[in-house]
Each structure stands twice: as C-alpha cells, then as structure tokens.
Amino acid sequence: MRILVVGGGGREHALAWRLRRDRSVTDVVAAPGNPGIAQVARCMDVRADDHDGLIGLARRERVDLVVVGPEAPLVAGLADEMEASGVAVFGPSAAAARLEGSKAFAKDLMLRADVPAARSATFTRRDWEEGPSGVLSFLDELGGPAVVKADGLAAGKGVVVAETRDGAAEAVEAALGRGAFGEAGASVVIEERLEGPEVSAFALTDGRRVAPLGFAQDAKRIGDDDTGPNTGGMGAFSPVPSVDASTAERIRAEVLERTVAAMAAAGIPYRGVVYAGLMLTEDGPKVLEFNCRFGDPETQALMPLLATDPAERLLACAQGALVDDAIELDALACVTVVVASGGYPGDHRTGFEIAGLGEAASVEGATVFHSGTAERRGRVVTAGGRVVSVSAVGGSLAEARDRAYEAASHVGFEGRYHRTDIAALAAKEEGT
Ligand code: AMP
Ligand code: GLY
C-alpha cells in the first residue's frame with residue numbers, strides 16, 4: 001500500500017513512522033513533512049491547505065490512501081475533494097468534520113443521541129443584539145461557574161472557564177458583542193463547568209463500526225502542576241490509569257458508539273478518527289469536545305503502542321468497510337515529553353541548532369518525533385514553539401517516563417524548555 005500523510009508536525013511524524021513499519025505499506029509520502037518525517041517518508045513541498053496540490057500529488061504518486069493529520073483541511077473539505085477525484089481518504093468529510101468545527105453542532109448531536117455532556121445552550125450575535133436576558137437567565141439556571149466556548153475553530157483559544165456568573169456574562173459580551181473570539185465566536189456555547197480528570201479517547205470508525213484505539217492524557221499548560229497559559233500540548237501518556245475497564249466500556253458504548261450512530265442516522269456518516277475530550281466526573285464520563293483528527297501530542301504516545309498494523313484498518317475506514325474492529329496494543333505504556341522553545345507559548349526565537357537527537361533516539365524504547373524543526377545547511381534547527389516530542393515505551397508508565405526524560409535530556413538547543421511532571425501522577429497511580 002502507498003500512503004500520503006498530510007501535515008508536518010509531531011503527530012504526522014508519529015503517523016508516518018508507524019505506517020512505515022506497517023507490513024502492508026510499501027511507500028510513505030508526506031506533504032509537506034519535516035526533517036524528522038524525512039527519515040521515514042519522502043517529503044513533498046505541498047502545503048496542507050493546498051487542496052489541488054495535494055490531489056495532484058496523490059494521483060501522481062498513485063497512493064492508495066491519504067491520511068490527513070490536521071483538522072483545518074478536513075473542515076475545509078479536503079476529504080470530499082480527494083474522494084471526488086478517486087482517492088481514498090482517512091478523515092471525515094467537511095459535513096462530518098463539523099463534529100469538531102462547530103461546537104453547537106456537536107452539542108445538538110449529543111443531546112439527540114443521549115451522549116453524556118455538560119448542560120449547555122447556544123447563543124448567536126443576533127440573540128445578543130436582542131438583549132442579554134436570554135444569556136443571563138441561562139447563566140442563572142446554571143447557577144455557578146460556567147464555560148463559554150466559541151462555536152467555530154479557534155486554534156485552542158476559544159474557551160473561557162469563568163468562576164462566576166458575572167465572569168461568564170462578561171466573556172459572552174466580549175465574544176458576541178465585541179468579537180473577542182473573532183469569526184469563530186459569532187456564536188457561543190455556554191455550558192456548566194464540570195470537574196474531574198480529563199482524558200482523551202481515540203477510536204477509528206468507518207461510519208458504522210467503532211474500533212477503540214485507547215486513551216491518553218495530555219498536559220495543556222506550559223508549567224508544571226498545570227500552571228501558566230495553555231499550549232498546543234506539552235506532553236502526553238497512554239494508557240491512563242484513572243480509566244478502568246468499566247469506564248472504558250462506558251465511553252465506548254455511551255460516547256463513541258452513540259456518536260457514530262447518530263452521525264449515520266443524520267445522513268452524515270463519520271469516517272476517520274473520533275477523538276473525544278472527556279472529563280471523568282462523579283456522574284461518569286462526560287464529553288467536553290470532539291476532534292475530527294488525531295491529537296497532538298497524544299498520537300506520539302499512541303502510535304508506539306500499536307501492535308496491530310494500522311494501514312489496512314485506516315483504508316477500511318476510508319472505504320466504509322471496517323470488518324475487523326480489534327486493535328491490539330502492546331501491553332506497555334508510552335510517555336511523550338515535548339521539548340519547546342524558551343518563551344513558548346508567547347514570543348520565542350527559532351533557528352537554533354538542535355544537538356543530541358541521535359543520543360536521545362538511542363535511549364532504550366525512545367523515539368524522537370519532530371514537531372517544529374527545519375533543515376538548514378544540513379543541520380536540524382528549531383522552527384516552532386514545540387520543537388520535538390520525545391516518546392518512550394516501557395513496561396510501565398514509570399519506566400516509560402524515566403526513559404522519555406532521559407532521552408529528552410539529550411536534546412539540546414538554546415533556551416530549551418520542557419515540563420518535568422509529565423505522567424508523574426499517573427506513574428504513581430498505576431498498579432494501585
Ligand atoms: P475544549 O476546547 O472544549 O476542549 O476546551 C478546552 C479546555 O477547557 C478543556 O480541555 C478543559 O480543560 C476546559 N473545559 C472545557 N469545557 C469545560 C467544562 N464544561 N468544564 C470545565 N472545564 C472545561
Ligand atoms: N492535544 C490536544 C489536541 O490535539 O487537540
């Protein structure tokens with residue numbers, strides 16, 4: 001099988017790396033890729049938002065399957081266009097990608113399908129112009145802290161968790177009255193604030209059948225102990241000890257299966273990966289959001305655990321013909337530590353030479369995935385906020401964690417930063 005991976009970050013490196021080891025895969029092409037991906041795939045200089053360029057490339061390379069990494073091209077209809085030109089795509093149509101692209105759409109679907117989620121209501125600019133009373137009375141109904149979310153894609157910047165009703169009202173005013181979330185916030189979802197540990201569930205689906213891939217947890221804040229501003233993700237690990245077998249089964253049945261069935265019933269079959277962001281509340285798991293693609297950096301912690309070769313499964317999902325929904329994971333753990341540029345997620349400089357990548361990769365169980373790197377005169381340099389994702393597998397989270405941190409310690413560049421507590425609590429919890 002010949003595969004084209006679309007994207008150029010750590011997630012796509014992990015996908016390309018795992019697909020390259022797949023026994024049914026003969027060739028992996030990536031667009032645009034990055035210097036790390038270039039070690040496992042042929043990188044082509046076509047951007048992820050250049051749909052015509054990608055379709056041309058897929059046809060020229062006679063690929064059997066396109067695997068799309070980021071959400072933006074999916075929401076913009078890349079899968080539809082690719083399929084119309086006769087190329088199979090792992091990733092949902094634009095209509096189905098609304099599960100991520102519109103929180104209001106996702107909320108409505110969950111309500112109809114009885115998928116457990118926070119109580120919520122959606123408000124538009126027009127609602128707001130007619131007066132704040134609708135918003136205020138819904139906030140009174142919630143009667144406490146509330147979360148205000150931009151309806152559309154806001155690159156992780158469209159959520160305000162407000163401690164008080166007034167704080168929430170202010171966030172709504174900012175979004176609907178003053179455009180604080182930009183166009184993504186022309187409508188907002190207001191929901192009750194939930195409490196509990198957050199986990200991410202991943203499953204493959206062909207639109208009918210659901211093949212669970214497992215659970216991961218990512219570290220979103222820049223600082224240890226979840227302090228400081230939000231980032232794209234500073235680390236991840238899998239499995240998640242707080243997800244026991246009965247919780248996992250509940251998430252499969254009540255969240256993943258119901259969501260996929262509801263999409264099919266609505267005439268919008270969802271094919272690709274379902275990524276559910278969940279909170280494990282006292283009343284059971286509840287959905288915070290859906291994503292229509294793999295997580296970054298969760299994928300860097302999931303791919304090294306896959307025992308089942310994924311390519312045939314991904315192709316079957318693309319074709320609506322998933323027969324075998326068993327996915328075997330190695331009975332191991334994986335921990336991913338992101339090494340970032342100093343200053344990230346704020347201003348940061350790039351272009352620094354990265355040392356120690358070989359030493360890092362030679363640590364037992366470790367793999368270095370490139371998140372934001374570039375090649376300059378034969379050297380690998382920093383080219384983004386998140387620079388590399390260092391993953392390591394082990395017989396336990398504790399072992400994987402030790403190896404990942406040992407490997408990460410070899411990666412050197414000016415101003416480098418990483419969190420020191422990725423999977424620390426989980427490693428203590430496991431086996432207890
Ligand atoms: P989202 O983009 O919907 O995943 O929201 C981003 C982050 O905001 C989540 O990872 C949570 O930490 C937080 N969040 C979102 N919804 C809620 C909620 N209903 N209650 C508490 N925290 C939330
Ligand atoms: N790690 C969060 C995300 O991929 O959205």
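When a ligand or atom number is given, it counts from 1 through the structure's own listing order.
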D296 versus ligand 2: do any nitrogen or oxygen atoms come within less than 3.5 Å of each other? yes
Numbered in order shown, the ligand 1 atoms found under 4.0 Å of a heavy atom of E191 are 16 (N), 17 (C), 18 (C), 19 (N)
Just to be sure I read this right, does ligand 1 sit under 4.0 Å from the backbone of V147, its side chain, both, or neither, counting only heavy atoms? side chain
Go through ligand 1 atom by atom and flag the ones less than 4.0 Å from a non-hydrogen atom of L288. 3 (O), 9 (C), 11 (C), 16 (N), 17 (C), 18 (C), 19 (N)
Sub-4.0 Å atoms of ligand 1 with respect to non-hydrogen atoms of R193: 20 (N), 21 (C)
So is G233 touching ligand 2 or not, going by heavy atoms under 4.0 Å? no
Just which atoms of ligand 1 are under 4.0 Å from any heavy atom in K103? 1 (P), 2 (O), 3 (O)
Counting only heavy atoms, which portion of R293 has something under 4.0 Å from ligand 2: side chain, backbone, both, or neither? side chain
Once you restrict to heavy atoms under 4.0 Å, what part of K220 touches ligand 1? Side chain, backbone, both or neither. side chain
Mind checking whether Y417 and V339 have side chains closer than 4.5 Å, heavy atoms only? no
W17/F369 aromatic ring centres below 6.0 Å: yes
Please verify whether a non-hydrogen atom of R11 lies at under 4.0 Å from ligand 2. no
Is F413 close to V387 at the side-chain level, that is, under 4.5 Å between some pair of heavy atoms? yes
Distance-only donor-acceptor check, side chains S187 and T124, under 3.5 Å: no
Below 3.5 angstrom, do we get any N/O pair linking L194 and ligand 1? yes
Below 4.0 angstrom, N of the basic side chain to O of the carboxylate: do E141 and R119 qualify? yes
Based purely on interatomic distance, does E289 place a nitrogen or oxygen under 3.5 Å from a nitrogen or oxygen of ligand 1? yes
Could you name each residue pair satisfying side chain to side chain donor-acceptor pair (under 3.5 Å) that touches residues 258-272, not counting sequence neighbours? none
As an exercise, identify every atom of ligand 1 less than 4.0 angstrom from a heavy atom of K149. 3 (O), 15 (C), 16 (N)
Could you go through the side chain to side chain contact (heavy atoms under 4.5 Å, CB included) check for C292 and L99 one step at a time? CA-CA 7 Å; C292 66; L99 199 58; 5.6 Å; no
The residue among R221, K220, R419 that forms salt bridge (Lys or Arg N to Asp or Glu O under 4.0 Å) with D226 is R419
